[in-house]
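Taking it in order: structure first as C-alpha cells, then the write-up.
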Amino acid sequence: MKNSDSFFLTTPIYYVNDMPHIGHAYTTILADVLARYHRARGADTFFLTGVDEHGQKVQQAASSAGITPQEHCDRMVVHFREAWEKLGINYDFFIRTTDQFHIDAVRQVLQNLYDRGEIYQHEYGGYYCVGCERFYTQKELVDGKCPQHLKAPDFIKEKNYFFRMSKYQDWLVDYIQKNPDFIQPESRKNEVLGFLKNPLSDLCISRPKARLSWGIELPFDAEYVTYVWFDALLNYLTAIGYPNDLKRFEHWWPANYHLIGKDIVTTHCVYWPTILKAIGLPLPKTIFAHGWWMIDETKMSKSLKNIVKPLDLVDVYGVDSVRYFLMRDMMLGQDANFSEEIFIKRYNSELANDFGNLASRVVTLIKRNFTAIPEAAQPGNDEIEIQVSARKLPQTTHQLISELRVTEALEGIITFVRSINKYMEVRQPWQLVKTDKTEAGTVLYTALESLRLAATLLEPVMPTKIKELLSILPVDEQKQEFAWGRIKSGATIEQIPILFPRIDKSVKTSAEPPSAPLKKEEPLITIDDFAKVKLTTATVLTVEKVPDATKLLKLTIDLGTEKRQIVAGIAEHYSPEQLIGKTIIVVANLQPVTIRGIKSEGMLLAAKKDGKLTLLSSIDSIEPGAKIS
RNA sequence: GGCGGUGUAGCUCAGUGGUAAGAGCAGCGGCUUCAUAAGCCGUGUGUCGUAGGUUCAAAUCCCACCACCGCUACCA
C-alpha cells in the first residue's frame with residue numbers, strides 16, 4: 001500500500017532517435033530538483049527516467065547506419081547516461097524498454113488485457129489502390145473507383161489488434177472533470193477535454209512484423225509487435241515491479257507526478273489513463289506538462305535541428321548555474337526564453353552579486369575580526385526580524401515546491417538573501433567591530449546562519465556548489481538542517497572560494513562553436529534517382545482559398561504545355577494576390593491526390609525553416625515549362 | 001473552420017470588482033567600502049490591446065473588434 005510519504009515521480013522515457021538536448025535536460029533536471037527537495041523533507045522518494053528504444057524510427061536509423069537496432073540503442077543510451085551524469089542527475093532507476101524484465105512485463109499485461117477482451121483483433125476491409133499505395137474509404141471513391149487512377153481498387157483485408165479505448169471516453173471526461181489536479185496546468189486540461197469532445201476511436205496497438213519488426217512481440221500473435229507508445233507508457237509500471245513484484249509496485253503507485261513536455265499531452269492524458277483503467281489500476285495523481293525553451297527566439301523541439309546541447313552550456317557556465325537558470329526562468333507550464341544574455345543577467349544578479357558576494361563578505365568579516373565564529377549574544381529587533389523570516393522560509397519553500405512552483409520558490413529564497421544584504425547595510429558590522437565587538441559578532445552570526453539556511457534550501461538546485469559551501473560552514477550536527485542556530489559558535493572557519501565568479505559581459509564566452517547540425521548518415525541517391533523527379537517552372541494563373549481550411553490554397557498553373565490545378569498548404573504564408581503571375585517550381589510527375597475533395601496534380605517547392613516558408617523560383621525570368629536539372 | 005488562451009512600465013512577468021496599479025532586471029541620481037567594480041537608498045505622466053456596456057466603483061465582469069499563441073480539422 002502506498003503510504004502518504006512515498007513520492008514517485010517520472011520523466012518521459014526519451015526516444016533514442018535523437019541526441020539529448022535542452023528539452024530532455026530541462027524535464028530531467030526538474031525531476032531531479034523535485035526529487036531532491038522531497039528527499040530533503042524526509043519523503044521516501046523514487047525518481048524514474050530512461051529511454052524508449054522500439055519503433056519505426058529506431059529501426060530506420062539503425063538500418064541506414066548499417067547496424068542492428070539493438071546496437072543503435074546501445075550506442076544512443078550512452079549519450080543519455082553521460083548527459084545525466086554531467087548534469088548531476090540522481091535518478092533512482094534508469095529503464096530501457098529493451099530491458100528483459102520490461103519486455104516480459106509488457107507481454108504479461110498484453111496477454112491479460114487480451115484474455116479479458118480489452119484487446120481484439122480487427123480485420124478492416126480496405127479499398128486499396130495499388131497505384132496510390134493507400135486505402136480509401138467508400139466515401140472517397142468516385143463511382144467505386146479511385147479518384148486518381150479512375151480504376152476500381154482492390155478490396156483487401158489487413159488485420160491488426162486494437163485496444164478498446166473508445167469505451168472509456170465518458171469515464172475519462174468525467175474523471176478529468178472531477179480531479180482538477182490530474183492534468184496541469186489547466187490550459188492543458190482544457191485542451192484534452194476539447195480533444196475528447198470528438199469521438200475517441202480504439203487504439204491500434206500492433207504493427208505487422210512485415211512492416212516493422214523492432215518491437216515487443218505480441219504474446220498472442222507472433223506475427224505482430226507492440227505499438228511503441230503502448231510499450232513505452234507501461235514503463236511507468238514495469239520499472240517499479242509491475243506485475244511480478246506487487247509489493248514493491250504498490251509501495252510507489254500511483255505516481256505523484258508524471259512530468260512531460262507539452263508535445264506528448266495526448267498520449268499521457270488520453271491513451272495512458274484508459275490503459276490504466278483497462279488494467280484496473282488507479283491513475284497518477286498529476287500529469288504535468290511544461291513548456292518549451294525558446295532558443296534565441298526560435299522554437300526548440302525534438303523535430304527541429306537547432307539543438308543546443310546541454311553539455312555545451314555546462315562546459316561554459318558550470319552545472320549548478322545552468323540548473324539554477326533553467327529552474328528559475330521557466331514559469332509553471334509556460335514557454336521560456338534561453339539566450340546567453342538572459343542567462344548572464346540572471347547569473348550575475350542573483351548568483352554572483354546577491355548570493356555569492358554575500359557569502360564572501362560575511363566570511364571575510366568573520367575571519368578578519370574574530371578567531372572563531374562569534375556568538376549571537378543579544379538579538380535586537382533587526383536580528384529577530386531576520387530570524388522570523390528565516391524560520392518561515394523552509395516551510396514556504398517546501399509548500400511552493402510541492403505545488404511545482406519552482407520559480408516562485410527560488411524567488412522567495414533569493415528575496416531572503418537580499419534581505420540579508422540589507423541587514424548587513426543596516427547593522428554595518430565592519431563599523432560595529434570597532435565600537436562593540438560583541439554586537440558585531442551577533443550580527444555576523446545572524447548573517448552567516450541566514451546564509452547557511454538559504455544555501456541549504458538551494459542545495460537541491462545546485463548540489464555541487466552548495467555542498468562545497470556547506471562543507472566549510474561548521475555546524476552543530478544535533479540541530480536540524482532547516483532549524484535556526486545550526487552554525488556552531490566557537491568553531492573555526494575556513495575562507496571560502498568565490499562560488500560564482502561574475503561573468504564579464506564584454507568578454508563574450510563564445511568559445512563554443514555554433515552547434516553543428518547532427519550529421520545523419522543519409523542514404524545517397526544516384527543521378528538516375530534524381531532524374532525520376534520531373535521538376536519544371538510554372539506560372540501561377542489563378543489562386544483561391546480552399547473554404548474551411550486554414551492552410552490550403554488552390555492554384556491553377558501553366559506548365560507551358562498544359563494547365564493544372566494544385567493544392568498547396570501555404571495559405572498562412574502567401575495571399576492569393578502575392579502569387580498570381582509568379583513563376584514557381586513544381587514537381588510535375590507527382591502522383592495526384594485529392595485534398596479536401598479537390599484534386600491536386602503536382603506539388604510546388606518551398607523552403608521552410610523554423611516556421612518560415614518561402615516559395616522557390618528562378619533568379620531570371622523564364623518561360624513556364626522549363627525543365628529543372 | 002471549431003475549441004481554448006494571452007495582450008499590464010524598455011524587458012520578464014505578478015495582480016481578477018474597491019485605498020493614489022506592483023516586483024525583478026535594465027536606466028538615472030545618491031550613500032557606503034566588509035565584499036566577486038559587489039551592497040544599500042531614492043527614482044516610473046504605464047491610454048492596464050482597441051471601442052462599447054454593466055456597476056456607486058473595472059486591469060479585474062459582459063459584448064464586439066484587433067494582434068499573437070496553443071490544441072484540433074485539413075495540410076505527401
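Side chains included, hydrogens not; waters and symmetry mates left out as well; all remaining heavy atoms used.
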Identified pairing partner of [N], criterion: Watson-Crick or G-U wobble below 3.5 Å:
| N | answer |
| --- | --- |
| B/A23 | B/U12 |
| B/G42 | B/C28 |
| B/A35 | none |
| B/U6 | B/A67 |
| B/A76 | none |

Problem - Under the side-chain hydrogen bond (donor to acceptor under 3.5 Å, both in side chains) test, residues paired with A/Tyr347 that sit two or more places apart - result: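 side-chain hydrogen bond (donor to acceptor under 3.5 Å, both in side chains) check on A/Tyr347 returns nothing, list empty.
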Handout entry: Those residues that, when tested against A/Asp354, pass side-chain hydrogen bond (donor to acceptor under 3.5 Å, both in side chains) (two or more places apart)
Key = A/Arg418
[X] [atom1] - [N] [atom2] separation (whole Å):
| X | N | atom1 | atom2 | result |
| --- | --- | --- | --- | --- |
| A/Glu350 | B/A23 | CD | P | 16 Å |
| A/Arg427 | B/C40 | CZ | P | 17 Å |
| A/Asp329 | B/U12 | CG | P | 12 Å |
| A/Arg418 | B/C41 | CZ | C1' | 15 Å |
| A/Phe195 | B/C71 | CZ | P | 13 Å |
| A/Asp263 | B/C71 | CG | P | 9 Å |
| A/Gln495 | B/U36 | CD | C1' | 12 Å |
| A/Arg405 | B/C13 | CZ | C1' | 14 Å |

Phosphate OP1/OP2 of [N] contacted by [X] side-chain N/O (<4.0 Å):
| X | N | result |
| --- | --- | --- |
| A/Asn190 | B/C3 | no |
| A/Lys422 | B/G39 | no |
| A/Arg502 | B/A38 | yes |

Exercise for the section: Not counting sequence neighbours, list each pair that qualifies as a salt bridge (Lys or Arg N to Asp or Glu O under 4.0 Å) and has a residue in residues 286-295 of chain A. Expected result: none
Exercise for the section: Sequence neighbours left out, what pairs pass salt bridge (Lys or Arg N to Asp or Glu O under 4.0 Å) with at least one residue falling in residues 436-448 of chain A? Expected result: A/Arg427-A/Glu439
Exercise for the section: Give one of base, sugar-phosphate or nothing for A/Val265, where a contact means two heavy atoms less than 4.0 Å apart. Expected result: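 If one applies the 4.0 Å heavy-atom cut-off, A/Val265 turns out to touch nothing in the nucleic acid.
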Side chain of [X]: nearest nucleotide among [options]?
| X | options | value |
| --- | --- | --- |
| A/Asn353 | B/U36, B/G39, B/C25 | B/G39 |
| A/Trp430 | B/C34, B/C40, B/C71 | B/C34 |
| A/Leu499 | B/U33, B/G39, B/U36 | B/U36 |

Using the [atom1] atom on both, measure [N] against [M] and round to a whole Å.
| N | M | atom1 | result |
| --- | --- | --- | --- |
| B/G29 | B/G44 | C1' | 14 Å |
| B/G52 | B/U47 | C1' | 16 Å |
| B/A23 | B/G4 | C1' | 29 Å |
| B/A26 | B/C41 | P | 14 Å |
| B/C61 | B/C25 | C1' | 34 Å |
| B/U60 | B/A51 | P | 13 Å |
| B/U36 | B/U45 | C1' | 39 Å |
| B/G22 | B/C66 | P | 34 Å |

Practice task
For A/Thr542 and A/Thr556, test the side chains for any donor-to-acceptor distance below 3.5 angstrom and give the result as yes or no.
Solution key: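 A donor-acceptor contact under 3.5 Å links the two side chains.
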Exercise for the section: State whether a side-chain donor-acceptor pair under 3.5 Å links A/Gln399 with A/Glu403. Expected result: yes
Handout entry: For RNA chain B, the residues among residues 357-373 of chain A that have a non-hydrogen atom under 4.0 Å from it
Key =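 Close to the strand are A/Asn357, A/Ser360, A/Arg361, A/Thr364, A/Leu365, A/Arg368.
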Practice task
Step through it carefully: locate the ring centre of A/Phe288, locate the ring centre of A/His258, and say whether they are under 6.0 Å apart.
Solution key: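 No.
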Problem - Validation row, ring centre A/Phe325 to ring centre A/Tyr317 under 6.0 Å - result: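 No, the ring centres sit 6.0 Å or more apart.
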Practice task
On RNA chain B, check which nucleotide each of A/Met603 and A/Arg346 is closest to and give me the residue with the more 5' one.
Solution key: A/Arg346
Exercise for the section: Using heavy atoms to find the nearest nucleotide of RNA chain B for A/Gln431 and A/Pro497 separately, return the residue whose nucleotide is more 5′. Expected result: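 The residue whose closest nucleotide sits nearer the 5' end is A/Gln431.
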For residues 361-380 of chain A, run the donor-acceptor check on the side chains, cut-off 3.5 Å, and write out each pair with its distance to 0.1 Å, sequence neighbours left out.
| residue | atom | partner | partner atom | Å |
| --- | --- | --- | --- | --- |
| A/Arg361 | NH1 | A/Asn421 | OD1 | 2.9 |
| A/Arg361 | NH2 | A/Glu425 | OE2 | 3.0 |
| A/Thr364 | OG1 | A/Ser360 | O | 2.7 |
| A/Lys367 | NZ | A/Ile493 | O | 2.8 |
| A/Asn369 | ND2 | A/Leu365 | O | 2.9 |

